[in-house]
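One structure is given below, encoded as structure tokens.
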Amino acid sequence: MSGGACERRCFPSISRSPLKEQKLVNLNEGSKASNKSLDRKHWILQQRRSLPIASVERRLVDEVRKNDTIIIVGETGSGKTTQLPQYLFNAGFCRDGKVIGITQPRRVAAVTVAKRVAEECDVQLGQKVGYAIRFEDATSTSTRIKYMTDGLLLREALLDPILSRYSVIIVDEAHERTVHTDVLLGLLKKVQDARLKQHKLDKPYINNVVKFDNECHSSNMKFSPLKLIIMSASLDAKGFSEYFCGAKAVYVQGRQYPVDILYTYHPEPDYVDATLITIFKIHLDDSPGDILAFLTGQEEIELVDMLVHERLKQLPELSRNILTVPIYSSLPSEQQMNVFRPTPSNFRKVILATNIAETSVTIPGVKYVIDPGVVKSRYYNPVTGMESLIIMPISKAQALQRSGRAGREGPGKCFRLYPESEFWKLIDSTVPEIKRCSLSNVVLQLKGLGFDDIIGFDFMDKPSRSSIKQSLQELYLLGALTDDCKLSDPVGIQMTRFPLDPIYSKALILAGEFKCLEEMLIVVAMLSVESIFYSPREKLEEARSAWKKFSSPDGDHLTLVTIFRAAVEYREKIRAATNKEKAIDKSLSRWCRDNFINNRSLKHALDVHSQIKVYLKQMDMALSSCGDDVLQFRRCLTASFFLNAAEKQPDGSYRVKANGQKVQIHPSSVLFRTKPECIIFTELIQTNQIYVRNISRAWMPELSKYYDVES
DNA sequence: GAGCACTGC
């Protein structure tokens with residue numbers, strides 16, 4: 001057995017003395033029903049007052065008054081997300097009906113925080129306090145504190161480029177540096193400039209950087225300067241401060257219990273094995289408390305799960321009280337909920353998680369964290385346009401985030417399965433997503449906002465020139481950009497309006513012309529969500545035979561159409577029998593289970609479908625169907641995805657016509673055995689080999705319009 | 001004949 005021995009050492013920057021215990025009003029004892037809500041209010045007030053941020057309320061409000069931009073560095077548990085908007089509201093920042101907007105990278109955070117703040121303010125959600133996320137708008141004209149996802153605010157900016165409704169925008173979790181956050185930061189900087197100039201001139205502001213919509217032009221509105229607050233949990237505020245021209249940074253203390261950090265003496269050659277050893281070491285040597293182990297993916301989690309149970313058999317009966325709970329994003333939600341179930345007494349829960357447990361999900365009861373120091377991360381090659389997932393070392397910030405998960409409820413321990421010297425070699429923070437992904441969407445969105453010079457755009461971290469050029473090229477080939485790199489009218493402008501990958505937006509526009517919009521809309525919705533197929537390893541054969549009835553000889557795209565239509569048809573049948581939404585949901589999820597379809601993905605696809613349908617109607621695009629005319633659909637698919645056409649080679653592999661890349665058909669495709677001469681694919685992924693997934697037969701006469709017949 | 005971290009509009 002290798003390693004697993006940990007050197008005990010305290011890592012100073014995270015160990016912090018616990019706050020004094022809070023005296024809380026007991027909700028259960030002695031309170032009559034009529035007093036309960038009063039008690040609850042009292043309890044909430046106490047909670048609010050006890051937050052670390054409460055002691056600096058006045059100072060924070062002063063700083064916001066004095067500065068147009070400030071950076072707030074607040075650690076976990078400081079209360080910045082829930083309290084600051086309330087402080088600003090009370091200080092009069094919503095006068096004249098203006099709104100305080102708070103952005104979050106994740107939907108679930110926007111919703112839960114809004115609910116909490118509405119309760120604290122003792123108002124109904126959707127009134128003074130509300131939230132807006134894709135598919136869900138819980139706001140009204142009286143909403144003054146609005147939580148939303150950062151991507152949604154970007155969409156809003158397309159309609160109102162100077163964000164005229166907002167007096168304050170708070171960008172929360174900015175340290176995560178998602179693509180949306182980064183684009184938003186650049187945009188907000190410009191909006192701030194524009195509003196400031198207009199304010200000083202005291203007349204409507206017009207320039208060529210920020211476009212105004214007609215309403216703004218005609219109403220001759222006057223705009224107050226935009227207050228901007230960047231909130232980050234990372235200790236390094238310098239980057240943000242420099243980007244915002246030396247903006248002041250304010251530190252707010254967090255509330256976190258001390259976490260002992262332990263390193264190994266030597267590097268571990270096999271982190272899976274080291275994880276196992278550490279799980280058992282904690283279980284046998286340490287006091288009660290649940291263990292959270294970070295692994296890289298589903299397969300690894302399943303492996304460790306199995307190995308834990310295997311080794312458990314070797315332990316004496318009394319020590320076999322371990323309960324393993326896996327959690328990763330593609331796990332059905334009922335199974336995800338298992339991590340929140342209380343651990344049976346005398347049992348130790350071992351949570352085997354991907355990075356979903358780093359930020360998205362907070363699991364109570366965790367006292368021990370095992371951090372092997374690796375993560376599966378997306379890697380994008382701008383030259384080939386290829387994405388792949390690779391296992392790589394985490395950053396220092398990520399390591400801190402992980403160890404912090406052990407100190408939420410009491411003092412904890414974190415076992416880093418690497419030597420301390422390795423920790424110091426890790427990069428400080430994860431490379432911002434904008435440097436690791438395709439920029440086609442970002443470029444299109446910026447063009448839509450009126451920024452023509454993308455290479456010169458003031459990004460906090462500039463993506464590589466080649467990455468931008470690749471995206472410009474792609475958008476040009478899709479017809480979204482003109483020869484002089486301006487947004488084309490109407491195609492480019494229409495494309496900015498769809499919340500989809502640009503290539504899918506173009507497919508919808510073309511499908512209107514080809515009279516198969518109904519089918520393409522389904523395809524685009526199904527391709528926009530996570531995999532629709534649920535394939536548990538132990539029931540793979542059963543799953544395959546369940547999918548067989550949907551399969552189309554023309555390819556995966558029409559197979560997806562068949563599945564979607566079968567699901568809708570089933571739902572309507574149930575709806576005819578009952579009008580209870582819950583019963584319909586339940587039946588549909590049973591249908592999904594019987595057919596090995598991922599319920600969550602299907603629901604998501606239904607949502608996307610209905611959302612896009614509304615946009616299509618607004619744009620006067622009629623939902624035409626090609627009926628049984630499969631050729632018509634293939635023509636349209638070929639015209640839409642001509643960039644993704646590939647030809648069969650003598651050895652059975654394929655060659656992408658646009659760039660010569662050699663690829664294989666993924667075995668999950670319905671065309672895997674058929675191997676048609678020429679295919680259209682909508683996904684390219686590198687694993688052990690370079691695979692294309694979601695494939696249909698190309699329609700050659702259409703394809704020859706885009707490529708020389710010879711080549 | 002293979003295997004998909006996590007988000008988001």
Side-chain angles (χ1 to χ4, degrees), chain A residues 103-110 132-137 148-159 173 176-184 294-303 327-331 353-361 374-379 387-392 394 398 401 430 433-434 436-437 441-442 444-445 448 495-502 504-505 524-525 528-537 540 544 598 601 604 607-608 611-612 615 652 664-669 671-673 675 683-694:
Chain A
T103 71
Q104 296 288 331
R106 277 172 296 280
R107 297 160 53 93
V108 61
I133 58 178
R134 188 183 187 183
F135 312 129
E136 257 182 272
D137 185 357
M148 64 198 128
T149 44
D150 41 19
L152 197 98
L153 184 59
L154 274 177
R155 283 275 149 202
E156 264 189 33
L158 282 171
L159 301 174
E173 314 284 8
E176 289 192 24
R177 302 292 306 277
T178 66
V179 184
H180 287 157
T181 305
D182 273 20
V183 176
L184 194 57
F294 285 100
L295 295 160
T296 63
Q298 174 179 350
E299 207 175 9
E300 209 169 86
I301 286 172
E302 283 169 352
L303 175 70
I327 181 164
Y328 44 87
S329 125
S330 59
L331 195 70
T354 58
N355 332 3
I356 194 171
E358 233 172 56
T359 46
S360 307
V361 175
V374 283
V375 66
K376 198 180 274 185
S377 176
R378 175 182 286 159
Y379 172 80
E387 280 184 347
S388 48
L389 287 167
I390 49 169
I391 294 174
M392 53 185 288
I394 57 171
Q398 243 175 323
Q401 177 69 27
T430 313
E433 194 188 0
I434 203 160
R436 307 183 272 127
C437 71
N441 225 339
V442 169
L444 184 64
Q445 218 158 8
M495 282 171 69
T496 60
R497 301 193 50 192
F498 292 111
L500 295 168
D501 273 355
Y504 294 161
S505 305
V524 161
S528 295
V529 303
E530 325 77 78
S531 175
I532 209 84
F533 299 101
Y534 175 57
S535 40
R537 185 173 309 210
L540 212 55
R544 240 174 247 156
N598 186 321
S601 303
H604 192 181
D607 280 339
V608 175
Q611 186 193 29
I612 305 295
Y615 285 119
Q664 307 280 343
I665 294 187
H666 194 274
S668 64
S669 171
L671 295 181
F672 177 68
R673 283 172 203 282
K675 288 207 190 318
E683 191 183 7
L684 177 74
I685 188 148
Q686 181 168 21
T687 52
N688 289 333
Q689 295 197 62
I690 298 168
Y691 287 107
V692 286
R693 276 198 300 203
N694 291 322

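All values reported here derive from a predicted model rather than from experimental measurement. Heavy-atom basis, side chains included; hydrogens, waters and symmetry copies ignored. So that the names make sense, note that chain A is the first sequence line, chain B the second, and so on, each numbered from 1.
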Inset, instruction - Give a yes or no answer on whether the side chain of A:Ser601 reaches the backbone of A:Ser531 with a donor-acceptor pair at less than 3.5 Å. - result: yes

Inset, instruction - Heavy atoms of chain A, cut-off under 4.0 Å: which first and last nucleotide of DNA chain B, 5' to 3', fall inside that, if you could look? - result: B:dG1 to B:dC9

Inset, instruction - Report the distance from atom CZ of A:Arg436 to atom CD of A:Glu433, rounding to the nearest 0.5 Å. - result: 6.0 Å

Inset, instruction - Have a look at A:Leu295 and say if it touches a base, only the backbone sugar-phosphate, or nothing, with a 4.0 Å heavy-atom cut-off. - result: nothing

Legend entry - Residue closer to the 5' end of DNA chain B, A:Ile327 versus A:Tyr615 (nearest nucleotide): A:Ile327

Inset, instruction - Indicate, with a heavy-atom threshold strictly under 4.0 Å, whether A:Arg107 touches base, sugar-phosphate, or nothing. - result: sugar-phosphate

Inset, instruction - Would you indicate what A:Arg106 reaches in the nucleic acid, counting non-hydrogen atoms under 4.0 angstrom: base, sugar-phosphate, or nothing? - result: sugar-phosphate

Legend entry - Interatomic spacing from CD in A:Glu530 to OG in A:Ser329 - rounded to 0.5 Å: 6.5 Å

Inset, instruction - Using the test side chain to side chain donor-acceptor pair (under 3.5 Å), find all partners of A:Thr181 that sit at least two apart in sequence or belong to another chain. - result: A:Asp150, A:Thr178

Inset, instruction - Name the nucleic acid region contacted by A:Arg544, choosing base, sugar-phosphate or nothing; use a 4.0 angstrom heavy-atom cut-off, strictly under. - result: base

Inset, instruction - Looking at every strand, decide which applies to A:Leu152 at a 4.0 Å heavy-atom threshold: base, sugar-phosphate, or nothing. - result: sugar-phosphate

Inset, instruction - Select base, sugar-phosphate, or nothing to describe what A:Thr178 touches, counting heavy atoms under 4.0 Å on all strands. - result: nothing

Inset, instruction - Classify the nucleic acid contact of A:Tyr328 as base, sugar-phosphate or nothing, counting any heavy atom under 4.0 Å across all strands shown. - result: sugar-phosphate

Inset, instruction - Pick base, sugar-phosphate or nothing for A:Gln298, based on heavy-atom distances below 4.0 Å to the nucleic acid. - result: sugar-phosphate

Inset, instruction - Hey, which sits more toward the 5' end of DNA chain B by its nearest nucleotide, A:Thr354 or A:Pro667? - result: A:Pro667

Inset, instruction - Give A:Ser528 one of three labels, base, sugar-phosphate or nothing, depending on what nucleic acid heavy atoms sit under 4.0 Å from its own. - result: nothing

Inset, instruction - Flag the pair A:Lys376 and A:Glu299 as a salt bridge only when some basic side-chain nitrogen lies within less than 4.0 angstrom of an acidic carboxylate oxygen. - result: no

Inset, instruction - Select base, sugar-phosphate, or nothing to describe what A:Asp150 touches, counting heavy atoms under 4.0 Å on all strands. - result: nothing

Inset, instruction - Nearest 0.5 Å please: distance from the CG atom of A:Leu444 over to the CZ atom of A:Arg497. - result: 13.0 Å

Inset, instruction - With the side chain counted from C-beta on, respond yes when A:Thr430 and A:Arg177 share a heavy-atom pair under 4.5 Å apart, and no when they do not. - result: no

